[in-house]
Number of protein chains: 2
Amino acid sequence: MHREPGHDELDFPRPLVCVDVIVFTVMQGVLHVLLARRPSAPGEPFPGAPCLPGGFIDVARDDSLLQCALRKLHDKTGFSSPYLEQLGSWGNAARDPRGWSATHAYFALVPPPDMPVAAARDVEWVPVERAAQMALAFDHSEIFSAALGRLRGKVEYTSLPAFLLNEPFTLPELQHVYEAVLARPLDKSAFRKRMLDAGFLEPAGQVAQTVGRPATGYRVRERERAAIFPRTFRASEAAAD
Amino acid sequence: MHREPGHDELDFPRPLVCVDVIVFTVMQGVLHVLLARRPSAPGEPFPGAPCLPGGFIDVARDDSLLQCALRKLHDKTGFSSPYLEQLGSWGNAARDPRGWSATHAYFALVPPPDMPVAAARDVEWVPVERAAQMALAFDHSEIFSAALGRLRGKVEYTSLPAFLLNEPFTLPELQHVYEAVLARPLDKSAFRKRMLDAGFLEPAGQVAQTVGRPATGYRVRERERAAIFPRTFRASEAAAD
DNA sequence: AGAATAGTGTCTCTCAGACATTATTTT
DNA sequence: AAAATAATGTCTGAGAGACACTATTCT
């Protein structure tokens, strides 16, 4: 901003501004993403098409982009303090037929929700493999793909999957989530060493299993941010940011 | 976007939309950032204050956010194909007294420029240590701080500093840039092994020194993206993205 | 006792860091 | 020859992966 001549009046055309949220969870050992559906009213772009939950900024109601993302997330999922991180922004003249628009994308991780909740709010949990094959409205397929890439990348070297579980959780449970997101098996011994050495977990009692030895329950020490490991899981296939 | 009732008319108030660029370079072994200055005209916010180069999106002229960032970068520095990466976005009701505004921040790495160019375009190269102590207009100090953190973080495990040098460059030169950005010395042997093993460099002849043995010159194989190393420089102090 | 799951120990490999050593140029 | 800088070699330690092994519960 700030230096263009002729802009002082502020009467030039402004882009549309949106916030979209990519919400991930793991259900039945499979990574899912929350999708909404475009309205079918006349004049609406992409009528009836699946899309990411989101919407226009309401300058009277939203104090900030982050707060807007939190509001939309709460409206759709009922969660109010999930792990939430900015993914990036997409803006150009062509992505929305209604005009030049820019969207700010956030990605969120939530523990497995109760199924009925999602259905009631007119959104749907979709396995990421299926979502990747769907044609989402606007450039939402591209944004979703970026979110999935970012999640898989960061899972290689952070404790992000801990935010996909209800507490307390066990180390075997956490390992299963890692494996679900990365879509490959991990060695149990290496996994446990890594998690415990990182020091982001604190014990929280025993968790009885339906069969076999009970497991130690854990909580994350700081819910605010993820821990970062000194190496990726497999150094040979290092991950982007 | 896409599901708010009452929005179909598109006649609701829209935020101001800007793009700001954080341009880094290394001169005389010191990391610098490019700063502009707010106009002093009446009605302008933060008159005369230092700020990041940037400005409002021109929906008639800019096809996309990225192209807008490239345009501003070219206007201010003359570089047209630098390393350019999206940093994030900042948007809220309070950051600009003229109204609800959102800015998309990009950070760029350029090789050492000719000094006069910057001066002629009404921008100035400032050492980052000094810039960190200045009160920049709007929330630009916060944005600059995030950019510096991102750069230092990624330098721990990527080849980003190669984009801060003119080609061909030597490994000792590259090491000096790493040390300038990280503000700590690195071991020569470990550094060379790391860079050569990463495979992102290709030899480009010999580079004579003023004194001593001449060094091998190198070019980066792919100018488009940075290489990622399997570990951070010091695993003990792992870095965020 | 046996099945099932949780949790540990040991060995090897890779790579970062420390630091000593060798190589090639100019004066 | 001496100085200066480039480049390599050797040793050690940390941590990842493979995989065998032990521990604790239930039926």
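What you are looking at is a predicted structure, and each value in this text was computed from that prediction instead of being measured. Numbers restart at 1 for each chain; the letters A, B, ... are given by sequence-line order, proteins then strands.
The CZ-C1' distance, from A:Phe191 to C:dT5, rounds to 16 Å in whole Å. When rounded to the nearest whole Å, the span between CD of B:Gln175 and C1' of C:dA16 equals 14 Å. Atom CZ of B:Arg184 is separated from atom P of C:dA18 by 10 Å (rounded to the nearest Å). We find that CZ of B:Phe229 is positioned 20 Å from P of D:dA16, with the value rounded to whole Å. The interatomic distance linking A:Leu186 (CG) with D:dA18 (C1') rounds to 13 Å, in whole Å. Across the protein-nucleic acid pair, B:Tyr178 atom OH and C:dA16 atom C1' stand 14 Å apart, rounded to whole Å.
Checked by atom type and distance alone, the side chain of B:Glu222 never pairs as donor or acceptor with a backbone atom of B:Phe200 at under 3.5 Å. Between the side chain of A:Ser141 and the backbone N or O of A:Met134, at least one donor-acceptor pair lies under 3.5 Å.
Atom OH of residue B:Tyr106 and atom CG of residue B:Leu52 lie 15.0 Å apart, to the nearest 0.5 angstrom. Taking CG from B:Leu151 and CG from B:Leu182, the interatomic distance works out to 8.5 Å, rounded to the nearest 0.5 Å.
Annotation: of the two residues near DNA chain D, A:Thr210 and B:Gln209, the 5′-most nearest-nucleotide partner is B:Gln209.
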Where protein sits on nucleotides 7-13 of chain D, one letter per nucleotide: B base, S sugar-phosphate only, - none, heavy atoms under 4.0 Å: BBBB---

Verdict with supporting geometry, A:Glu179 and A:Gln175, side-chain hydrogen bond (donor to acceptor under 3.5 Å, both in side chains): CA-CA 6 Å; A:Glu179 291 172 336; A:Gln175 183 173 349; 3.2 Å; yes

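Here B:Glu167 pairs with B:Arg223 in a salt bridge; the nearest charged N to carboxylate O distance falls below 4.0 Å.
Picking from D:dA4, D:dA6, D:dA16 the nucleotide with the shortest atom distance to the side chain of A:Arg194 gives D:dA16.
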